[in-house]
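All remarks here apply to the structure that follows.
Note that these values count all heavy atoms, side chains included, but never hydrogens, waters or copies made by symmetry.
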Amino acid sequence: MRRQQAVAAAVGVVVSLLAGLMILWLQGYPAAQSYSALFSYSLFSQFALFSTLNKASTLVLTGTSAAVGFGSNCINLGQVGQFLMGAMAAAAFGIAVGLPKWLTLPLVILASIVAGAGWSLLAALMKLKWRMNEFITTLMLNFVADYFTQWLISGPMLDPRAYSPMTRMTNPQAWLGMYNGLSGSVAVAACSFAVTWLVWNRSKFGYECRVMGQNPSFAAAGGCAVPRNFVLAMLLSGALAGLAGGLMVIGGMQHRFVKGIGANYAWDGVMIAIVAGNSITATGLYALFFAVLQTGAMGMELETAVPSEFALVLQAIVVLAVVASRESTRLFLAGLAARIRARRAIALGDARAAQAAQLAQRAEADHAAPTGGGQDEPRA
Amino acid sequence: MSLALELVRSSLLAATPVLLAGIGGAYTYFANVFNIAMEGMMLIGAFTAVAGSYAARSWVVGLAAGIGGGLVAAALFTLFAVALRTDEFVTGTAINMLALGGTTYALRQMFGVRGAFMSGQIQAIPRWNLPLGPVLGGHPFVVYVALALALVADWHIRRTRFGLRLRAAGEDPRVLDAAGVSSQAVRAWSIMISGALCGLAGAYLSLGYVTLFAENMSNGRGWISLAVIILTRGRPLGILVMSLLFGLFDGIGMSLQGTAIPAQLTQMVPYIATLVALRVYSLRSRNEH
C-alpha cells in the first residue's frame, strides 16, 4: 500500500515537472536551461542548499500545522492568521524584552507559539460553544489578523525611521543567528518536526487524532474525548503555524515584522499537507521539495528571466497531479482486483460470488472514498 | 442624506461580486459539490477580463474573457473532481493556489509588473443610466444582470427540470442515475455554471468595480460567498438579501475610512460581520432542532 502510494507520488511529480517544462517551452523560454538553473540554485552548492533548508524550515512548520489539523478532521485553514499572530508576538516580545539571550530566546519562541495557538483557539471555541464551522471561521479570522497586524505596523508599532510599514528591529538577544548562511531556525524547526512526528505517530493522543481523522463517529464510539481532542489538535496546529511566523522574525535576516512577512507560506503549508495525504513524514519530504522549487525559482529568474512566481504555478500542478494520480491508481487497482475476483468466481461457477464481486467493483468506482483532507459538507 | 445615499449605492456595488459568485455557488451547493474554488475562479476571471479588455480594447471581449477564464477553471475542477474523482476540498484548494500563483506569474510575464496593472487601454464595463432613481440608476450594467440572475436562478433551481435533476444529484445521485440521468453530468454542469458566474464576478471586479488588476484582488470574496451560501442554504433570494447585507457592511467600512478610525481596522468589518452572521445562524438552527 505504501509502495503503491510512493509510485503514484513519483508519477505525479514527474508528470507535473514535465507539464511545467512544457509551459516554459510554449512560452518561448529555454526550458531545459531553466530547469537546470532551478536545481543548481537550490541544491548544488553549499549556499544553495542552505537557502533551501532555511526556506524548508518555514514550510515544514506550516505543512505539519495543516497536516495535524486535517489529519484529525479539523479543517484549520487559518494558518495565515496564526502565522501572522505568531510573528507579531515574536516581534513585540523581541522589542520589549531585553533579558539575557538564554532567557529571551525561549521566551520569544514561546510567545509566538502561544499567539498562534491562541488565534486557533478562538476558532476552536466558536466551533465547540457556538457550532460555527471552523473552516469558514478560520478563513475569516485570517483577514482579521491580516488587517490587525497591518494596523499595528503602520500605526502603534511603526518604526519612526522606516519608509514602509514595519516594526522596529528586535533586540539582538532575540536573534537566532546565522551559521555560514544556515539559519538557526532550521534547528528549531527540525526539533519541532521531530516532536510533532512522535506525538502524532507514537502517542495515545496522536493515535486518537488519527482515528478522528479517519472516522469521527468511530472515535467517539471507541471512547475518545472528541471535543477535547479537537481543541488540542487545533491548538497544536495553531502553535506550529505561530512558531513558523515567529521564526521568520527570530531567525530571519530582517529581525522585524515587515509588511507581507507571511508571503504565501501558510497556503503552501496547506498544499504540502494535502499532497502528503496528512502523513507527517511525507509532509517533511514535500516541504523540502517545495523549498527546492521556491529557492530554485529565484535562480531561474536570474539565469533565464522566468518570473520566480512560476514556482507557485508548479506547486499547484504538483498537488493536482500527485493527488489525482494517487486516486486513479487506487481506483484502477481496486477495479482490477474486483474484476479478477469476478472472473475467478465465474470460472469456479459460483454465480452468487461473481455477482457480489461485480457489485463491489461498481460500488468502488461509484463512490470513491475521499482522501484524507476531510470533507466538511456545507450541507451538514 | 447624500451620505446615506452614497452608502447604499456603494453597498450595491460591493454586493455584486458576492452575489454573482453566490448564485454560482448555489448550483454547486444543490448538487452537493463542495466548491471552495470560487475564490480562485473569481481571481482568474478578474485577470482574463483585464487581459482581454486590454488586448482587444473592448469591454465586450473583456467580459467574455472573464467568463471564459472562470469556465476554464471550472473545467479543470470538473476534470479532477468529477472525472478523476479527486477529493473536492483538495481540488478546490489547489485551484485557488493555481489561480493565485498563475495570475501573479502571468501579471509579470505578460505585463511585466508586480502588484497591480492599470492602463488607459483597459476598457471598463459601461454604466447604464436607467431611470431608476438616485440609488439604483447609473451602475455598471453587470449590477442589474446580477440582480436579475438571482431571480432567474431561483426559478431555474426550483421550477425547471434541470433544477429538479440538480437537487436530485445532490440529495441522492443513485436515484438520478437509476432514472437514466447521469448524476456526474449534472454535477459537471453545476460546476460549469458556477465557473461562468464566478468569472463574471471577477470581470465585474476588475472592469466594473475598479478598472485594474491587482494581485489577489478577489481578497476573500469567494469565501464570503461560501459563507453566504451556507447561511442561506443555497436559496438564491436569500443569497440576494445576504449579499446586500454584506455589501452594506463593506460600504460602512469604506465610509468610515475618512474618519479617525484607521483604514486597516475598517477593512475588517465585512469579515467580522460574516463571523457574526454565522453566530446568529447557529443560534437559529439550534432553535429549529
Side-chain angles (χ1 to χ4, degrees), chain A residues 27 70 75 77 126 130-133 135-137 139-144 146-152 154-155 264 267-268 270-271 274-275 306-320 323-328 331 365-368 370-379, chain B residues 25 28-29 32 34-36 76 79-80 84-91 93-109 112 114 170 173-174 177 219-220 223-224 226-227 229-230 233-234 262-268 270-272 274-275 278-279 281-283 285-286:
Chain A
Q27 290 187 323
F70 299 161
I75 315 300
L77 292 176
M126 284 181 191
W130 295 343
R131 297 189 304 153
M132 291 160 71
N133 214 323
F135 95 86
I136 290 272
T137 54
L139 281 172
M140 293 299 131
L141 286 171
N142 284 345
F143 290 95
V144 176
D146 187 21
Y147 287 121
F148 174 66
T149 52
Q150 277 189 37
W151 168 65
L152 282 180
S154 51
N264 203 40
W267 283 107
D268 291 341
V270 170
M271 291 210 288
I274 284 175
V275 78
V306 178
S308 61
E309 284 84 357
F310 186 70
L312 292 174
V313 179
L314 207 52
Q315 285 177 29
I317 298 177
V318 167
V319 172
L320 283 173
V323 175
S325 112
R326 197 156 62 205
E327 268 308 275
S328 347
L331 278 177
D366 276 353
H367 299 282
T371 53
Q375 209 167 329
D376 218 11
E377 302 290 340
R379 194 164 276 269
Chain B
T28 48
Y29 177 84
N32 204 11
F34 183 43
N35 185 0
I36 59 165
L76 205 61
L79 170 67
F80 281 94
L84 295 173
R85 295 166 201 273
T86 314
D87 186 65
E88 285 155 6
F89 170 79
V90 170
T91 315
T93 311
I95 285 180
N96 285 337
M97 290 299 106
L98 191 63
L100 183 62
T103 51
T104 313
Y105 170 73
L107 193 63
R108 281 194 71 195
Q109 213 269 329
R114 269 201 175 111
R174 282 180 231 199
D177 284 328
N219 204 20
W223 288 321
I224 290 188
L226 196 59
I229 292 164
I230 293 173
R233 297 184 188 162
Q264 291 90 1
L265 296 186
T266 61
Q267 280 170 309
M268 285 182 197
Y271 306 101
I272 294 178
T274 308
L275 286 172
L278 284 164
R279 165 66 182 136
Y281 171 77
S282 77
L283 276 178
S285 61
R286 183 175 304 169

Quiz item: A/Glu309 and B/Arg114: side chain to side chain contact (heavy atoms under 4.5 Å, CB included), yes or no, with the steps?
Solution: CA-CA 10 Å; A/Glu309 284 84 357; B/Arg114 269 201 175 111; 3.6 Å; yes

Quiz item: Hey, mind stepping through B/Leu100 and A/Leu312 against side chain to side chain contact (heavy atoms under 4.5 Å, CB included) and telling me if it holds?
Solution: CA-CA 8 Å; B/Leu100 183 62; A/Leu312 292 174; 5.5 Å; no

Exercise. Evaluate the side chain to side chain contact (heavy atoms under 4.5 Å, CB included) criterion for residues A/Glu327 and B/Asp87: first the C-alpha distance (whole Å), next the side-chain angles of each, then the deciding distance (0.1 Å), finally the verdict.
Key: CA-CA 9 Å; A/Glu327 268 308 275; B/Asp87 186 65; over 6 Å; no

Practice problem: Step by step, work out the side chain to side chain contact (heavy atoms under 4.5 Å, CB included) result for B/Asn219 and A/Phe143. | Solution: CA-CA 9 Å; B/Asn219 204 20; A/Phe143 290 95; 3.3 Å; yes

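Neither the backbone nor the side chain of A/Val275 comes within contact range of chain B; no heavy atom of the residue lies under 4.5 Å from a heavy atom of that chain. A/Leu314 does not touch chain B: none of its heavy atoms, backbone or side chain, sits under 4.5 Å away. With a 4.5 angstrom heavy-atom cutoff, A/Val144 touches chain B via backbone and side-chain atoms both. Only the side chain of B/Ile36 has a heavy atom closer than 4.5 Å to any heavy atom of chain A.
Rounding to the nearest 0.5 angstrom, the gap separating the CD1 atom in B/Ile229 from the CD1 atom in A/Ile136 is 9.0 Å. To the nearest 0.5 Å, atoms OG1 (B/Thr93) and CG (A/Leu77) are separated by 6.5 Å. Distance check: A/Arg131 CZ to B/Leu278 CG gives 12.5 Å after rounding to the nearest 0.5 Å.
Between A/Met140 and B/Tyr271 the shortest heavy-atom distance is SD-CD2, 3.8 Å. For the pair B/Leu275 and A/Met132, the tightest heavy-atom approach, listed with the atom from each and the gap, is O-CE, 3.3 Å. Contact between B/Ala94 and A/Val319 at its shortest, heavy atoms only, is CB-CG1, 3.9 Å. Nearest heavy-atom pair across A/Ala324 and B/Leu84 is CB-CD1, 4.0 Å. A/Ser154 and B/Gln264 get closest at one heavy-atom pair: OG-NE2, 3.0 Å. Pairing each heavy atom of A/Asn264 with each of B/Met97, the nearest pair is ND2-SD, 4.0 Å.
With chain B as partner, the option from A/Pro307, A/Ala316, A/Gly155 having the largest number of non-hydrogen pairs under 4.5 angstrom is A/Pro307. The candidate with the highest count of non-hydrogen atom pairs below 4.5 Å against chain A, out of B/Ile95, B/Asn96, B/Thr104, is B/Thr104. When each of B/Ala263, B/Pro270, B/Pro262 is checked for heavy-atom pairs under 4.5 Å with chain A, B/Pro262 comes out on top.
Taking the six-membered ring for Trp and the full ring otherwise, A/Phe70 and B/Phe89 have centroids separated by under 6.0 Å.
A tilted orientation is assigned to the rings of A/Phe310 and B/Tyr105, their planes being inclined by 30° to 60°.
Under the side-chain contact (heavy atoms from CB on, under 4.5 Å) rule, A/Leu320 has a single partner from B/Leu79, B/Val90, B/Thr91, which is B/Thr91.
Remark: side-chain polar atoms of B/Ser282 are paired, donor with acceptor, to backbone N or O of A/Trp130 under 3.5 angstrom.
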